[in-house]
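Because the structure is predicted, anything quoted here is derived from the model rather than measured.
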Amino acid sequence: MPDERSDGFFKRLSHAGSIFTIRFFVFCQGFLQLSQLMTSGLVKSSISTIEKRFGLSSQMAGMVVSFNEVGSTLLIAFVSYLGCRVHRPRFIGYGAVLVSMAGLVMSLPHFISGPYEYDRSVTGSASTTSDICLPTRNETEVCTESQRKETRVVVMLLLLGQTLLGIGGVPIQPFGISYIDDFASKSNSPLYIGILFAATTMGPALAFIVGAATLRYFVDIDKMSSADIHINNKDPRWVGAWWLGFIISASVVAIASIPYFFFPKELPREEELPQNSPSEPQNNDLLPAKSNQKELKDYTLKEFLKMFPVVFMRLMKNPILVVVILAMVNLSGMIAGIATFMAKLLERQFSLTASVANMILGAINIPSGMFGIALGGAIIKNCRLSLTQIALMCVISMGLCTICDVPLFFLGCQTQEVAGLDLSGSSGIEEHVFDCNQMCKCSPSAFNPVCGVNGIEYISPCYAGCTGLDVDSETQRVLNYTSCNCVVVDGGYGSASPGSCSFHCSKFLMPFVTVASLSTFLGSLTHTPGFVLVLRNVDPEDKSFAIGLQFLMQRVLAWLPAPVVYGSLIDTSCVLWQYKCQKRTACRYYNNVLFRHRFVGLQILLEASCFLLLCIIYFMLKNKESEARRESIASSPPPAQETAA
């Protein structure tokens, strides 16, 4: 913590000029929130690439993503207590520094690991064969203790980076919003907070766009020249430079943190604009309750901790609040799963590169969600909806969202035909050994997909029984594999080309993306109304606690477990696993139909649960409204009887 002299220096510097105003704070806060969420979004945009690079299952990848919520969940309760007691800008700066450190930690696995090794038939300029059919092969998998340790260290660094990311993000948004609300004018405060929410929604979209750009480069672009790379980004063995985005975002967050160490603890209150009439009603339902914040200053930490369970139990006795939170938990669980694994679904279903899948999400899917969030708030404000009407709006939008997702069951590709692949269950490598390749002594860890002229895919040239190859003399890239014993065409041995067999169902890609984006838009319409339903169904002094409780429940019941649940479900559709050091790691092939059905099925299940809970909320509010109307009629005085003249 800074001493008194440094604190005085910062204070003198902040008052030296007029730059440190509430408007400049809004600009800094918007820039910081955008870069912070870009950092957290990069984890989701590159998670399938990290899986492939370090041999992680989808379940493990989901656990890495969910660890972002661990640190924030542990500390979120103290934000309400510390909010009015600490130097908020400085604590935001500390949080930003932690976020920047988290980005660097997330990139460390690339620098402590050796070069990425993929199966190749030609290395360098010499025609050294490694995965074609050879009658004698003395290859055995050598698994050293350093390799096992490297995998453990990589996972630990990823988990540590995500934990730091969650802890660093805890003070940024709550302290920023409360600071703006305390020192902005009443007329400008909603505008400023709206700007922050807009910047917040842009962060994930920017993350997927940055991910799309960086994944076009080979992972070891800093360790080898382009001449040494014999595959392109369409090859199934390709791994993009996933780490580059974290370094970029960490640098941006570090720059964004600098101004916060020069803002004062308190700013002069912004003056009201003269054209605003003081008699105009101000809708502060979406803003922090200032009176409650001032009351919290009188509590010690011990009293605060004692008070928290009391307020918690009081809120839990509010049935409408409980059902609203449960509905938002289901919605958040669905969003968490889609944000983590939708890019992977697009990659596998339509044979897209990770770069193209991220670009689709960043340019189409996420912006549709942003538009839905903004439109939901605009409808409530401009149409002056009652609570019952807001609940009905949520019911309609979520019902349409659920119906809209049903076609996604049928919009996708079949699994490509792979020799020896059993689509009914997980198959072992021994099922890929046939009479035509038994003499080849193929490596069980080989993965270099080739497509035979017979239209069948093989997991490597060796398993296709290929004994020869054609090589480009200049680039040393394989053009074709020849004399393939397992590729029989017209009674003779055929050839095989490098790479997977192409899909023939790209016509379903745009309909799938269109339907998914429409569903995202409809589901996002309930985001802002959900907050309004929480705020308007609790006492004014409990608003801050109610929002904090909603965030806490969404983290614990949705954002924390949902990526792991989705990842585990995806793993059940794997039909061929990669093994490293006799341990199952990443999945080579999925049953595409099973993958799509289970992913979309879980998504619809969560949406349908949210829809049913919203229906319950609507009928509860309608009954409450009817009772209030009857009580109003009963308590009103009878009309005066006119006397005869």
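- Rounding to the nearest 0.5 Å gives a distance of 13.0 Å between OG of Ser517 and CZ of Phe371.
- Taking all atoms of both residues into account, the shortest heavy-atom contact from Ile258 to Ala254 is CG1-O, 3.6 Å.
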*Full working for side chain to side chain contact (heavy atoms under 4.5 Å, CB included) between Gln59 and Ile570*: CA-CA 8 Å; Gln59 183 185 43; Ile570 291 171; over 6 Å; no
*Intermediate values then yes/no, side chain to side chain contact (heavy atoms under 4.5 Å, CB included), Thr572 and Leu594*: CA-CA 9 Å; Thr572 61; Leu594 205 58; 5.9 Å; no
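- Taking the side chain as every heavy atom from C-beta outward, Leu518 and Thr514 never approach each other to under 4.5 Å.
- Under a 3.5 Å cut-off, the side chain of Ser46 and the backbone N or O of Thr49 do not form any donor-acceptor pair.
- Side-chain atoms of Leu576 and Cys587, non-hydrogen and from C-beta on, never get closer than 4.5 Å to each other.
- In this structure, Ile459 and Val418 have side chains that are in contact, with non-hydrogen atoms separated by less than 4.5 Å.
- Checked by atom type and distance alone, the side chain of Thr520 never pairs as donor or acceptor with a backbone atom of Gly369 at under 3.5 Å.
- Residues Gln554 and Ser332 approach most closely at NE2-OG, 3.3 Å, considering heavy atoms.
- Side-chain atoms of Ser355 come within 3.5 Å of backbone atoms of Ala212 as a donor-acceptor pair (strictly under, hydrogens ignored).
- Residues Ile360 and Phe208 fail the side-chain proximity criterion, which asks for heavy atoms closer than 4.5 Å.
- The heavy-atom pair separating Leu215 from Ala354 by the smallest distance is CD1-CB, 3.7 Å.
- Side-chain contact of Ser519 with Asp405: a donor-acceptor pair under 3.5 Å is present, judged by distance alone.
- Of the possible donor and acceptor atoms, one in the side chain of Asp571 sits under 3.5 Å from a partner among the backbone N and O of Ser58.
- Taking CE from Met359 and CG from Leu352, the interatomic distance works out to 12.5 Å, rounded to the nearest 0.5 Å.
- Ring planes of Tyr590 and Phe595: tilted class, angle from 30 to 60°.
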*Applying side chain to side chain contact (heavy atoms under 4.5 Å, CB included), run through Leu345 and Met342 and close with a yes or a no.*
CA-CA 5 Å; Leu345 178 68; Met342 178 59 86; 3.9 Å; yes
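- Distance check: Ile604 CD1 to His597 NE2 gives 10.0 Å after rounding to the nearest 0.5 Å.
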*Verify ring-ring contact (aromatic ring centres under 6.0 Å, His included) between Phe54 and Trp242, making sure each step is shown before the conclusion.*
CA-CA 12 Å; Phe54 299 108; Trp242 60 272; 5.7 Å; yes
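- Taking a 6.0 Å sphere around CE of Met60, one finds it holds 12 or fewer heavy atoms contributed by other residues, nucleotides or ligands.
- Counting only N and O atoms by type, the side chains of Tyr589 and Glu457 include a donor and acceptor under 3.5 Å apart.
- The two residues Pro563 and Gly62 make their nearest non-hydrogen contact at CB-O, 3.3 Å.
- Here the two rings, on Phe350 and Phe508, have centers that are 6.0 Å apart or farther.
- Under the side-chain contact (heavy atoms from CB on, under 4.5 Å) rule, Trp243 has a single partner from His110, Met106, Arg53, which is His110.
- When side chains are defined from C-beta on, Leu361 counts as touching Leu346, because their heavy atoms get closer than 4.5 Å.
- Ring-centre distance between Phe91 and Tyr260: not below the 6.0 Å cut-off.
- Side-chain atoms of Thr340 come within 3.5 Å of backbone atoms of Ala336 as a donor-acceptor pair (strictly under, hydrogens ignored).
- Distance alone, capped at 3.5 Å, is enough to place a donor-acceptor pair between the Asp220 side chain and the Tyr116 backbone.
- Atom CG of Leu509 sits about 10.5 Å away from atom CD of Gln349, to the nearest 0.5 Å.
- Remark: the Gln603 side chain and the Tyr566 side chain contain no N/O donor-acceptor pair separated by less than 3.5 Å.
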*So Leu34 and Val252, side chain to side chain contact (heavy atoms under 4.5 Å, CB included) or not? Walk me through it.*
CA-CA 10 Å; Leu34 184 147; Val252 174; over 6 Å; no
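- Side-chain atoms of Val65 and Ile47, non-hydrogen and from C-beta on, do get closer than 4.5 Å to each other.
- The CG atom of Leu108 sits 13.5 Å away from atom CE of Met156, with the distance rounded to the nearest 0.5 Å.
- A donor-acceptor pair under 3.5 Å is absent between the side-chain atoms of Arg588 and the main chain of Gln578, judged by distance alone.
- Using a 4.5 Å heavy-atom threshold, the side chains of Leu408 and Phe512 count as touching.
- Ser45 places a side-chain N or O within 3.5 Å of a backbone atom of Leu42 that can act as its donor or acceptor partner.
- Taking both residues in full, the closest heavy atoms of Phe111 and Asp222 are given as CE2-OD2, 3.9 Å, listed atom of the first, atom of the second, then distance.
- Crowding of Arg598 atom CZ: a count of heavy atoms from other residues, nucleotides or ligands under 6.0 Å exceeding 12.
- Using a distance-only test at 3.5 Å, with no hydrogens or angles considered, no donor-acceptor pair links the side chain of Glu347 to the main chain of Ala357.
- The two atoms that bring Leu206 and Met38 nearest to each other are CD2-SD, 3.5 Å, heavy atoms only.
- Donor-acceptor pairing under 3.5 Å is lacking for the side chains of Ser57 and Glu51.
- At least one donor-acceptor pair under 3.5 Å links the side chain of Asn68 to the backbone N or O of Gly166.
- From Cys610, atom SG reaches atom CE of Met398 across 4.0 Å, with rounding to the nearest 0.5 Å.
- Counting heavy atoms from C-beta on, the side chains of Cys404 and Val515 come closer than 4.5 Å.
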